[in-house]
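A short write-up of the structure that comes next.
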Amino acid sequence: MATRLMMLLGMIALCMSGVAGQYNYDEVLEKSILFYEAERSGDLPSNNRIPYRGDSALGDQGNQGQDLTGGWYDAGDHVKFGFPMAFATTTLAWGILEFRDGYEAAGQYNLALDSIRWTLNYFLKAHVSDNEFYGQVGDANTDHAWWGRPEDMTMERPAWSISPSAPGSDLAAETAAALAAGYLVFRDLDAAFANNLLAHSRTLYDFALNNRGIYSQSISNAAGFYASSAYEDELAWGAAWLYRATEEQEYLDRAYEFGTTTNTAWAYDWNEKIVGYQLLLTTSAGQTDFLPRVENFLRNWFPGGSVQYTPLGLAWLAQWGPNRYAANAAFIALVSAKYNILASESEQFARSQIHYMLGDAGRSYVVGFGNNPPQQPHHRSSSCPDQPAECDWDEFNQPGPNYQILYGALVGGPDQNDQFEDLRSDYIRNEVANDYNAGFQGAVAALRAIQLRDGK
C-alpha cells in the first residue's frame with residue numbers, strides 16, 4: 001500500500017513539474033532502427049548510416065564452410081546468438097504488421113523493412129539443410145574477454161548448429177516464427193523473397209517438431225547467456241505464426257497441442273512466448289479459448305496487479321533488463337488494445353511505461369534521445385574512438401561518455417527504487433540488446449498509430 005501511494009505521489013509530482021508529457025515518436029522510431037543498424041555484422045551496404053561501423057566478421061562460416069556472414073551482434077558484444085535474434089525479428093515483424101500506419105506516419109516504414117530483412121536473410125543462410133540450422137557464431141566466453149571494435153576482431157569465431165543428433169526445437173520453431181512473420185510482412189512487397197521465407201519456415205518447423213530438444217543443451221556455449229527453459233511454447237508460437245501465414249488447419253492443431261489455455265505467462269521475452277501465441281491466436285485466428293489468459297496477463301501488469309511498481313511508475317519485474325520486460329508488456333498491451341481487449345486500460349498502461357523510458361521519470365533511458373540519456377551504454381563498438389585509434393579495455397575503463405552515440409538503444413533500466421547509475425561497467429542496468437528494443441519499438445509505433453487514430 002505504501003509503495004502504491006509513493007508511486008502515485010511521485011507521478012503527481014512529475015506531472016506538476018512538467019516532466020511528464022508527449023514525446024516525438026517519429027524520432028524514437030528513427031533512432032531505434034539506427035540501433036539495429038549499429039548491431040549489423042557482415043558486409044555492410046553502401047547506404048550504411050552508422051559512420052563508426054564498417055564490414056566485420058567476414059569470415060563467419062559453418063563447419064563445412066557455409067557462409068554465415070550477416071545478422072546482428074547480440075548486445076554490447078559480438079556474438080551472434082540465434083535464439084534472441086529470432087525472437088527480436090519476430091517481435092519487430094509483428095509490430096510492423098500491426099502498426100504499419102505508425103511506421104508510415106513516422107517516415108520509417110521502408111527502413112523498418114530493411115532492418116528485419118537483414119536478419120531474415122541471415123536465417124536463410126544459417127538454414128544450411130532441411131535438418132541443420134546454425135544457432136550461434138562466436139564463442140561467448142572468448143568474445144566477452146575482449147573489448148574492441150568488431151572490425152578489429154582476430155579471434156576464432158566457431159559456429160554451432162542444431163541437427164537431429166543435437167536438437168533444438170525452441171530455436172528452430174522460434175526461427176520458423178520469424179520467417180513466417182517475415183513472409184506476412186513481405187508477401188505483397190517482394191513475393192519471391194516472401195515465398196522463400198515461408199518455405200524455410202515450414203521446413204524448420206517440421207525439423208523442430210520431429211527432433212525434440214532444448215537448443216541450449218545442444219549448443220552448450222549459449223547456456224550461460226540464453227539458456228532455454230522449454231520448447232513447447234516455441235512449438236505453439238511457431239505454429240500460430242504459420243497458421244496466420246497459411247490458414248492450414250494442421251498448424252492450428254499444433255498450436256493447441258503445444259499451447260496452454262490454462263496458464264498465464266509471467267512475461268513476454270526471448271525465453272517465454274506463451275502470451276505471444278495466446279494473443280496471436282485470439283486476434284488473428286479467432287480462438288477465444290486463449291482470451292482469459294491474455295486478460296490475466298494484462299491485469300497482472302496493470303497497477304494493482306502482481307507486478308511491482310517503482311515509486312515513479314515503472315512496472316518492475318526483474319533486476320536484469322526491467323525496461324525490456326515493461327516495454328514488451330506494453331507492446332502486448334497495445335496489440336491487445338487494437339483488438340479491443342481491455343483497450344482503455346491497455347493503452348493507459350502502455351503509454352505510462354514507454355513514457356517512463358522516454359523521460360517521465362526525470363531522465364531518458366534511450367541513448368541519444370531526450371533529457372539526460374545514458375552516455376555510457378555497455379557496448380563495445382560505440383565505446384571506441386574513431387579509427388585508426390586503438391580501442392581496448394582502456395576505453396572500457398575511461399570515465400567519460402562513449403566516443404560514439406549508440407542512437408536509439410534502450411538500456412536495461414533502474415532498480416526497484418528508480419535508482420540508475422550511468423556506468424559502462426554496469427552490464428545489468430546499462431546493457432543494450434536486440435531483444436530490449438524489439439517490443440519497445442513496436443510499442444512506440446503503436447503509440448504513433450494511436451495518435452493518427454485520435455487525430456493528433
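What you see is a predicted model, and the numbers here were worked out from it, not measured in a lab.
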Students often mix this up, so state it plainly: with edges at 30° and 60°, are the rings of Trp320 and Tyr427 parallel, tilted or perpendicular? tilted
Using 30° and 60° as the class limits, which term best fits the ring planes of Trp147 and His378: parallel, tilted or perpendicular? perpendicular
Do Leu242 and Tyr183 come within less than 4.5 Å of each other through their side chains, counting heavy atoms only? no
Check: Asp233 and Asp170 side chains under 4.5 Å, non-hydrogen atoms: no
Give, for atom [atom1] of [X] and atom [atom2] of [Y], the distance between the pair rounded to the nearest 0.5 Å.
{"X": "Tyr109", "Y": "Leu29", "atom1": "OH", "atom2": "CG", "value": "14.0 Å"}
{"X": "Ser169", "Y": "Ile162", "atom1": "OG", "atom2": "CD1", "value": "7.5 Å"}
{"X": "Thr91", "Y": "Ile96", "atom1": "OG1", "atom2": "CD1", "value": "11.0 Å"}
{"X": "Ser163", "Y": "Asn211", "atom1": "OG", "atom2": "CG", "value": "8.0 Å"}
{"X": "Ile33", "Y": "Ile116", "atom1": "CD1", "atom2": "CD1", "value": "10.5 Å"}
{"X": "Leu298", "Y": "Trp301", "atom1": "CG", "atom2": "CH2", "value": "11.0 Å"}

Check: [X]/[Y] side-chain N/O donor and acceptor closer than 3.5 Å:
{"X": "Tyr339", "Y": "Glu98", "answer": "yes"}
{"X": "Asn437", "Y": "Ser32", "answer": "yes"}
{"X": "Glu39", "Y": "His379", "answer": "yes"}
{"X": "Asp26", "Y": "Gln108", "answer": "no"}
{"X": "Thr69", "Y": "Asp67", "answer": "yes"}
{"X": "Asp289", "Y": "Thr261", "answer": "no"}
{"X": "Gln441", "Y": "Tyr103", "answer": "yes"}

Tell me whether the NZ or CZ atom of [X] lies within the 45° cone about the ring axis of [Y] and under 6.0 Å from its centre.
{"X": "Arg40", "Y": "Trp72", "answer": "no"}
{"X": "Lys273", "Y": "Tyr268", "answer": "no"}
{"X": "Arg117", "Y": "Phe193", "answer": "yes"}

Which one of Trp94, Trp270, Phe258, Tyr231 satisfies the ring pair (Phe, Tyr, Trp, His ring centres under 6.0 Å) criterion with Trp237? Trp94
Test Phe83 against every option in Phe133, Trp160, Tyr215, Tyr134 by the ring pair (Phe, Tyr, Trp, His ring centres under 6.0 Å) rule and name the one that passes. Tyr215
CD (Glu295) with more than 12 external heavy atoms under 6.0 Å: yes
Donor-acceptor pair, [X] side chain versus [Y] backbone, under 3.5 Å?
{"X": "Gln287", "Y": "Leu280", "answer": "no"}
{"X": "Tyr36", "Y": "Asn434", "answer": "yes"}
{"X": "Ser201", "Y": "Leu197", "answer": "no"}
{"X": "Thr90", "Y": "Ala178", "answer": "yes"}
{"X": "Arg254", "Y": "Gly259", "answer": "no"}
{"X": "Arg380", "Y": "Trp146", "answer": "yes"}
{"X": "Tyr403", "Y": "Glu395", "answer": "no"}
{"X": "Arg149", "Y": "Pro385", "answer": "yes"}
{"X": "Thr260", "Y": "Asn263", "answer": "yes"}
{"X": "Gln404", "Y": "Cys384", "answer": "yes"}

Only counting residues at least two apart or in another chain, list the ones meeting ring-ring contact (aromatic ring centres under 6.0 Å, His included) with Phe369. none
Would you call [X] and [Y] a salt bridge, taking side-chain N to carboxylate O under 4.0 Å as the test?
{"X": "Arg453", "Y": "Glu347", "result": "yes"}
{"X": "Asp139", "Y": "Arg157", "result": "no"}
{"X": "Arg324", "Y": "Asp435", "result": "yes"}
{"X": "Arg53", "Y": "Glu151", "result": "yes"}
{"X": "Glu248", "Y": "Arg202", "result": "yes"}

Checking Tyr205 against Trp241 for the ring pair (Phe, Tyr, Trp, His ring centres under 6.0 Å) test, could you report, in this order, the C-alpha distance in whole Å, the side-chain angles of both residues, the deciding distance, and whether it holds? CA-CA 11 Å; Tyr205 190 80; Trp241 276 106; over 10 Å; no
Shortest non-hydrogen contact between [X] and [Y], atoms and distance:
{"X": "Ile219", "Y": "Ser161", "result": "CG1-O, 4.2 Å"}
{"X": "Ala208", "Y": "Ala173", "result": "CB-N, 3.8 Å"}
{"X": "Ala223", "Y": "Ser216", "result": "CB-O, 3.8 Å"}

Under the ring pair (Phe, Tyr, Trp, His ring centres under 6.0 Å) rule, what do Phe35 and Tyr407 come out as? Steps first, then yes or no, please. CA-CA 6 Å; Phe35 163 67; Tyr407 285 109; over 10 Å; no
Worked check of side chain to side chain contact (heavy atoms under 4.5 Å, CB included) between Val28 and Phe440: CA-CA 10 Å; Val28 181; Phe440 170 77; 3.7 Å; yes
Against Phe225, only a single residue in Asp74, Asp77, Val79, Asn141 fulfils side-chain contact (heavy atoms from CB on, under 4.5 Å); can you say which? Asn141
Pick from Leu113, Asn195, Asn196: which one makes a side-chain contact (heavy atoms from CB on, under 4.5 Å) with Phe186? Leu113
Run the side-chain hydrogen bond (donor to acceptor under 3.5 Å, both in side chains) test on Arg424 and Asn430 for me, step by step, so that the C-alpha distance in whole Å, both residues' side-chain angles and the decisive distance to 0.1 Å come before the verdict. CA-CA 6 Å; Arg424 189 178 304 108; Asn430 233 23; over 6 Å; no
Audit row: Leu291, Arg293, side chain to side chain contact (heavy atoms under 4.5 Å, CB included) steps and yes/no: CA-CA 5 Å; Leu291 177 58; Arg293 300 303 109 202; over 6 Å; no
Could you go through Met85 and Tyr73, starting from their C-alpha distance and side-chain angles, then the distance that decides it, and tell me whether this counts as side chain to side chain contact (heavy atoms under 4.5 Å, CB included)? CA-CA 9 Å; Met85 193 194 307; Tyr73 297 124; over 6 Å; no
Using the benzene-type ring in the case of Trp, are the ring centres of Phe290 and Tyr256 under 6.0 Å apart? yes
For this output row, return yes or no: ring centroids of His355 and Tyr23 closer than 6.0 angstrom. yes
Side chain to side chain contact (heavy atoms under 4.5 Å, CB included) between Val432 and Leu410, worked out: CA-CA 6 Å; Val432 300; Leu410 178 71; over 6 Å; no
